[in-house]
Structure formats: C-alpha cells, structure tokens
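In what follows, a single structure is set out as structure tokens and then discussed.
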Amino acid sequence: LNHLWVAPEWQGQGLGRLLLLEAARLYHRRHPAARLALEVFAGRPAEAWYRRLGFVESERRSWWRGPSLPSPEAPLLPCHGLAGAARRHRAWGFSSFRAGPYRVGRLWTPYFRLTDPAALRDLALLATLARLDPARRPFLVAPFAPPHPWYRVAVSKRMECSADLFFERVR
C-alpha cells in the first residue's frame, strides 16, 4: 500500500476501513499471499489504526534529505518508464521510473526518492538525475544514516499482518 488518506470531514465513518479492505481484496485476488504489508509514518494516528487491524512493525526506516545534486561529468544511464511516470506524477504527485539498475521515485516537486544505498555513490545516476531535473534533491529511504550533509526528516515503519487475521478483523 502506498498511500491512503481520508479527508478530515470523512474520517471516523468507516471509509478508510472500506478503502483498505477493497485494496487488500484486489491485491490478494491477484497475488494470493499469506501476509499483507504497508508503510506508515511513525507516531501518526494511522499507526495505531493499523495496529488495531492486526498489523505489527517488521522494519523501521529513516527518510533522509540530501544536498543538491552535483553535476558530475559522467555517462548518463538509460531511463525506462519516464513517459508513464510523467502521467502518474501529474495525476498523483508521485511516480517512479528506472534509471539503469535503480528504481527512482519522484515525490511531489522537489525530490528524487532512492532506496538503494549504492545510488549515493553512482556518479552516472547522479548525473542522470541532475540532467533530468536539476532543481530536485535526492531523498533516501533507508534503515541507516548516510554521510553528512544528509539529515533525517521522518521515520516510517513497515507493518505486516497475516491476510487471514486482517480479513477477519476488517469484516
């Protein structure tokens, strides 16, 4: 699950539960799995809500904001999925594409989201991202601290639940 949000005036009426149930049913039909997983920002009300539905923390990751992208002289990586990512980004404010071996996300306007620590040292990737959008900054989601001058802006938790328990509690 990437993002679930219910406007304040609609909260408390069961709409979030119905949206989550329908998303889980669709996913489970296509990918029968014993477990369901999602990510939630630590300390937010949604964390307690997911716990009540049977989800437990399985991993914790920090969200790190990095410095502006350098403009290194390096060969550019081939990018795949940019056209579809551009459409999704205009519609939803986030998207992803592949740059060489890396999956790169675009969050809102100012960030490239990275999850592979090797990306921080790959000059070809950094040159490619700087060429695509020099105004964006790198954002790393990882369980470790990258070197200075990166700084942590949030902590998220991966939460998991057995599919059977989830469907039993949500019905």
Side-chain angles (χ1 to χ4, degrees), residues 1-11 15-28 30-31 33 35-47 49-50 53 55 57-70 76-120 122 124-146 150-161:
L1 179 66
N2 190 310
H3 192 82
L4 175 67
W5 183 78
V6 176
E9 63 270 19
W10 291 94
Q11 292 176 5
L15 185 58
R17 182 180 286 256
L18 288 173
L19 289 169
L20 185 59
L21 176 60
E22 186 59 23
R25 279 185 182 148
L26 288 171
Y27 180 82
H28 196 64
R30 291 186 194 141
H31 311 280
R35 304 196 64 71
L36 301 173
L38 52 84
E39 193 160 343
V40 64
F41 284 109
R44 301 279 170 84
E47 181 183 354
W49 183 66
Y50 289 125
L53 297 176
F55 286 87
E57 180 181 338
S58 62
E59 180 185 3
R60 188 176 291 228
R61 299 189 306 173
S62 294
W63 292 55
W64 302 90
R65 192 173 88 181
S68 297
L69 289 167
L76 300 180
L77 294 176
C79 292
H80 302 282
L82 279 173
R87 285 190 303 276
R88 288 187 298 281
H89 198 81
R90 281 190 301 276
W92 304 104
F94 56 89
S95 62
S96 67
F97 62 93
R98 292 203 74 74
Y102 305 100
R103 174 147 312 277
V104 177
R106 285 187 286 195
L107 300 174
W108 308 284
T109 300
Y111 299 109
F112 284 117
R113 181 181 187 260
L114 306 169
T115 57
D116 184 341
L120 303 181
D122 190 324
L125 174 66
L126 298 178
T128 301
L129 297 179
R131 182 79 48 87
L132 285 173
D133 189 344
R136 282 183 189 273
R137 294 174 69 166
F139 207 92
L140 179 70
V141 181
F144 66 91
W150 291 71
Y151 70 94
R152 186 168 64 189
V153 295
V155 174
S156 64
K157 297 178 180 182
R158 180 177 177 83
M159 299 183 78
E160 298 183 15
C161 180

message: Exactly one of Arg44, Arg61, Arg158, Lys157 should register a salt bridge (Lys or Arg N to Asp or Glu O under 4.0 Å) with Glu39. Which one does?
response: Arg61

Closest approach of Gly100 to Leu77 (non-hydrogen atoms, all atoms of both residues): N-CB, 3.9 Å

Closest heavy-atom pair and its distance - Trp5, Pro8: CZ2-CD, 4.0 Å

- prompt: Is there a side-chain contact between Arg103 and Thr115, using heavy atoms and a 4.5 Å cut-off?
  reply: no

- request: Can you measure from CZ (Phe112) to CG (Leu129) and round to the nearest 0.5 angstrom?
  value: 4.5 Å

message: Just verifying a value: how many Å separate Leu126 CG and Arg131 CZ, rounded to the nearest 0.5 Å?
response: 13.0 Å

- request: With sequence neighbours excluded, tell me which residues meet ring-ring contact (aromatic ring centres under 6.0 Å, His included) with His28.
  value: Phe167

query: Given Leu114 and Val104, is the side-chain contact (heavy atoms from CB on, under 4.5 Å) satisfied, shown in steps?
result: CA-CA 6 Å; Leu114 306 169; Val104 177; 4.0 Å; yes

task: Please assess Leu82 against Leu132 for the test side-chain contact (heavy atoms from CB on, under 4.5 Å), listing each intermediate value before the final yes or no.
output: CA-CA 10 Å; Leu82 279 173; Leu132 285 173; 4.0 Å; yes

Non-hydrogen atoms of Val155 and Ser62 that approach each other most closely: CG2-OG, 4.1 Å

message: Quick check: do Tyr102 and Thr128 have side-chain heavy atoms less than 4.5 Å from each other?
response: no

- request: Taking all non-hydrogen atoms of both residues into account, name the closest pair between Arg136 and Leu107 and its distance.
  value: NH1-O, 3.7 Å

query: Do Pro138 and Tyr111 come within less than 4.5 Å of each other through their side chains, counting heavy atoms only?
result: no

message: If I take atom OH from residue Tyr151 and atom CH2 from residue Trp64, how far apart are they, to the nearest 0.5 angstrom?
response: 11.5 Å

- prompt: From Leu38 CG over to Glu47 CD, what is the distance, rounded to the nearest 0.5 angstrom?
  reply: 10.5 Å

Donor-acceptor contact present, side-chain Arg98 to main-chain Pro101, <3.5 Å: yes

field: Side chain proximity check, Trp49 to Val40, heavy atoms < 4.5 angstrom
entry: no

- line: In terms of heavy-atom contacts, Arg137 and Ser68 come closest through NE-N, 4.0 Å

Side-chain touch Leu53/Leu20, heavy atoms, less than 4.5 angstrom: yes

- request: Quick one: do Leu21 and Arg17 satisfy side-chain contact (heavy atoms from CB on, under 4.5 Å)? Show the steps, please.
  value: CA-CA 6 Å; Leu21 176 60; Arg17 182 180 286 256; 5.5 Å; no

task: Mind checking the CZ-CZ spacing from Arg106 to Phe97? Nearest 0.5 Å is all I need.
output: 5.5 Å

Those residues that, when tested against Phe55, pass ring-ring contact (aromatic ring centres under 6.0 Å, His included) (two or more places apart): Tyr50, Phe166

message: For Ser96 versus Ala85, what's the shortest heavy-atom pair and its separation?
response: O-CB, 3.3 Å

statement: Output for pair (Arg87 CZ, Ser95 OG), nearest 0.5 Å, gives 11.0 Å

